[in-house]
Each structure stands twice: as C-alpha cells, then as structure tokens.
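Structure first, commentary second.
Just the heavy atoms: all of them, side chains too, but no hydrogens, waters or symmetry mates, feed the values below. Owing to the predicted nature of the structure, the values given are computational and were not obtained by experimental measurement. This chain uses plain numbering: 1 for the first residue, then up along the sequence.
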Amino acid sequence: MARSSAAKKAPAKSSDPVVPTHHNIPGRIKWFNKDIGYGFVVCDNVSRDIFLHRVILRKVGLTNIAPNRPVHVTFGQGPKGLTTTDLRV
C-alpha cells in the first residue's frame, strides 16, 4: 500500500507558539489571579475573552494586574482560544 505524497499537517500542540493576528487592540483586564498565574482581557470589538498568562505580565515587568485596568493587547488563536502574545499598560 503506497503512502500519499501529500504531507498532513499535525494538530497544534500547546507548546506551539501563538501567531499574533490582532495588534495593539485597546481593552481592559477582566480578572487576573497571581496565585494560579492567569486571567483574561476583554476588548470592545472582540466577542471572546482573551487568555492572559503570567509570562506575558513578566515581559512588561509585572507580577499582578488589577481588574478594569486599561491595556493594549496583541493576541492570536491559541490551542484553546484567543491568547495574549504582548501587552502594553
């Protein structure tokens, strides 16, 4: 039995980098829990919440961030939904 010469794309793994598709979008922190290390950002023109991991906060020199704080977010599609790749406070 011959194999197809067309390569199949492997499904995304959680370790695969998120490719940013939306850049510098204004929003606000919905909530962030420093003990569990993540939270969510909401933006007016985006229908879903955007996942925010503590690694992104560390990139901007923060370990915690208050709810409702205005931010500008860069994000893309992650394995489980929209995921922040950069943040400006």
Side-chain angles (χ1 to χ4, degrees):
M1 179 180 217
R3 286 187 168 177
S4 171
S5 61
K8 291 184 179 180
K9 186 175 179 180
K13 299 176 194 170
S14 61
S15 61
D16 289 345
V18 174
V19 177
T21 55
H22 296 80
H23 301 273
N24 203 29
I25 307 298
R28 64 179 173 78
I29 299 298
K30 182 174 184 177
W31 62 267
F32 186 84
N33 183 318
K34 70 177 186 173
D35 295 328
I36 59 175
Y38 70 88
F40 290 90
V41 176
V42 291
C43 298
D44 288 339
N45 296 328
V46 179
S47 62
R48 296 182 289 162
D49 293 351
I50 305 161
F51 179 75
L52 173 62
H53 193 269
R54 73 173 128 223
V55 170
I56 302 302
L57 280 185
R58 287 184 191 146
K59 284 171 55 175
V60 296
L62 298 173
T63 58
N64 200 6
I65 193 164
N68 295 314
R69 181 159 180 186
V71 294
H72 283 79
V73 64
T74 297
F75 62 92
Q77 181 64 45
K80 295 183 179 180
L82 299 177
T83 301
T84 303
T85 59
D86 194 23
L87 188 75
R88 285 188 17 214
V89 292

Treat each ILVMFWY residue as a node, draw an edge where side-chain heavy atoms are under 4.5 Å apart, and state whether Phe40 and Ile36 are in one component. yes
Problem set entry | Same apolar cluster (I L V M F W Y, side chains within < 4.5 Å links), Ile56/Ile25 | yes
Once rounded to the nearest 0.5 Å, what's the spacing between atom [atom1] of [X] and atom [atom2] of [Y]?
X     : Y     : atom1 : atom2 : answer
Tyr38 : Leu57 : OH    : CG    : 14.0 Å
His23 : Asp86 : NE2   : CG    : 10.0 Å
Lys59 : His53 : NZ    : NE2   : 12.5 Å

_Flag side-chain contact, heavy atom, 4.5 Å: Leu52 against Ile29_ = yes
Answer yes or no: is there a side-chain heavy-atom contact under 4.5 Å between Thr63 and Arg54? no
Going by atom type alone, with no hydrogens or angles, which donor-acceptor pairs under 3.5 Å involve a side-chain atom of residues 70-85 and a protein atom two or more places apart or on another chain?
unit_1: Thr74; atom_1: OG1; unit_2: Asn24; atom_2: N; d: 3.2
unit_1: Gln77; atom_1: OE1; unit_2: Arg48; atom_2: NH2; d: 3.3
unit_1: Thr83; atom_1: OG1; unit_2: Gly81; atom_2: O; d: 3.2
unit_1: Thr84; atom_1: OG1; unit_2: Phe51; atom_2: O; d: 2.8
unit_1: Thr85; atom_1: OG1; unit_2: Thr74; atom_2: O; d: 3.2

Gly27 and Cys43 have their tightest heavy-atom pair at CA-SG, 3.9 Å
- Query: How far apart are the C-alpha atoms of Leu62 and Val89, what are their side-chain angles, what is the distance that settles it, and do they pass the side-chain contact (heavy atoms from CB on, under 4.5 Å) test?
  - Reply: CA-CA 10 Å; Leu62 298 173; Val89 292; 4.1 Å; yes
query: When you look at Arg28 and Val41, which way does the side-chain contact (heavy atoms from CB on, under 4.5 Å) test go after all the steps?
result: CA-CA 6 Å; Arg28 64 179 173 78; Val41 176; over 6 Å; no
Quiz prompt | Whether over 12 other heavy atoms sit under 6.0 Å from Asn33 CG | solution = yes
